[in-house]
Amino acid sequence: MERVFFTVLLTIFVVALAASLTPYTETTFFSHLQDGAYVYGESVVLGWDVTIRGSSLVLNNIDIWFSSRNSGGSIGIKSAPYIEIVSYNVYLGTTPTPQLYTSTASNRVMIDRLSPNMTYYWQIVAVDRNGRRYSSPIWYFLTR
């Protein structure tokens, strides 16, 4: 019985440890401006939402004990929490690889002085407290 319990506990520990060493981050971006939308005039408000969640496993409260009469162990496994964003880098340009336009703590930015009959590409890069960056897809809109 003790061997079975130890084997199960060791298996859980190895799987959880491997999962925590290979972090996987789930990032979802949503643009408030439909991709490929027409913009009339010389300005536009770009808006977005982003949810970033680390889904790696974190081990905590590891306690394993053995004795001749009683063997056992406990292990706590939890999922990493939502990641707090501290700033957004907004990239904007007329080429498919837009350049940095501004950085902001808000999820909206006003763009002025747009040229007519152009395709503008834009991208958001969210930055968390640890300096990690999470990039959105590159979106575009057209001016008329």
Side-chain angles (χ1 to χ4, degrees), residues 1-66 71-144:
M1 181 69 168
E2 291 177 6
R3 282 188 142 164
V4 171
F5 180 77
F6 177 73
T7 303
V8 169
L9 184 61
L10 183 61
T11 302
I12 291 171
F13 178 75
V14 168
V15 168
L17 182 61
S20 68
L21 293 175
T22 56
Y24 172 75
T25 303
E26 178 184 334
T27 307
T28 306
F29 281 87
F30 174 75
S31 167
H32 296 179
L33 180 67
Q34 185 178 355
D35 207 22
Y38 287 107
V39 173
Y40 296 90
E42 295 182 357
S43 61
V44 65
V45 174
L46 301 179
W48 60 89
D49 290 317
V50 60
T51 302
I52 302 171
R53 182 172 173 77
S55 60
S56 62
L57 295 176
V58 178
L59 301 176
N60 63 346
N61 301 325
I62 299 172
D63 186 14
I64 302 172
W65 66 94
F66 302 98
S71 68
S74 64
I75 182 170
I77 302 175
K78 64 181 180 179
S79 179
Y82 283 94
I83 295 167
E84 185 180 352
I85 299 302
V86 295
S87 68
Y88 299 97
N89 294 333
V90 180
Y91 293 80
L92 178 75
T94 56
T95 65
T97 53
Q99 300 298 309
L100 180 64
Y101 178 78
T102 190
S103 292
T104 180
S106 172
N107 68 333
R108 291 190 190 327
V109 66
M110 178 73 159
I111 308 293
D112 286 325
R113 295 184 230 143
L114 296 173
S115 299
N117 301 315
M118 296 291 293
T119 300
Y120 283 90
Y121 298 88
W122 64 291
Q123 182 181 33
I124 303 303
V125 177
V127 182
D128 70 11
R129 287 196 179 280
N130 296 317
R132 287 188 213 101
R133 298 173 180 275
Y134 308 91
S135 299
S136 76
I138 296 176
W139 296 302
Y140 72 98
F141 62 90
L142 302 113
T143 57
R144 294 287 180 242

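Below, all heavy atoms of this structure are taken into account, side chains as well, without hydrogens, waters or symmetry copies.
What you find for W122 and G47 is that their closest heavy atoms are CH2-O, 3.8 Å. Here the shortest heavy-atom pairing between P137 and F29 reads CD-CB, 4.2 Å. Of all heavy-atom pairs between N89 and S103, the closest is OD1-OG, 2.6 Å. Taking all atoms of both residues into account, the shortest heavy-atom contact from P98 to G93 is CB-N, 3.6 Å. Of all heavy-atom pairs spanning A126 and I85, the tightest one is CB-CD1, 3.7 Å. In terms of heavy-atom proximity, L100 sits nearest to Y91 at N-CD2, 3.2 Å.
For the pair V50 and S136, the minimum side-chain heavy-atom distance is 4.5 Å or more. A heavy-atom distance below 4.5 Å is not found between the side chains of W139 and L33. Contact annotation: the side chain of L142 never approaches that of M118 to less than 4.5 Å [non-hydrogen atoms, C-beta and beyond]. Looking at S115 and Y120, their side chains come closer than 4.5 Å, going by heavy atoms from C-beta outward. You'll find the side chain of F141 reaches within 4.5 Å of the side chain of L114, heavy atoms only.
Taking CD from Q123 and CG from L46, the interatomic distance works out to 12.5 Å, rounded to the nearest 0.5 Å. T95 OG1 to I138 CD1: the interatomic distance, rounded to the nearest 0.5 Å, is 8.5 Å.
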Worksheet item: side-chain contact (heavy atoms from CB on, under 4.5 Å) between V39 and R144: does it pass, once the steps are laid out?
Response: CA-CA 6 Å; V39 173; R144 294 287 180 242; over 6 Å; no
Item to complete: Start with the C-alpha distance between Y140 and D35, add both sets of side-chain angles, then the distance that settles side-chain contact (heavy atoms from CB on, under 4.5 Å), and finish with yes or no.
Response: CA-CA 6 Å; Y140 72 98; D35 207 22; 3.3 Å; yes
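Shown are V90, V109, D49; of these, the side-chain contact (heavy atoms from CB on, under 4.5 Å) with I124 is made only by V90.
D128 places a side-chain N or O within 3.5 Å of a backbone atom of N130 that can act as its donor or acceptor partner. N107 places a side-chain N or O within donor-acceptor distance of the main-chain N or O of W48, the cut-off being under 3.5 Å.
In this view, P96 and Y121 satisfy the side-chain contact (heavy atoms from CB on, under 4.5 Å) rule, not counting sequence neighbours.
Annotation for R129: atom CZ does not count as buried by contact number, only 12 or fewer foreign heavy atoms lying within 6.0 Å.
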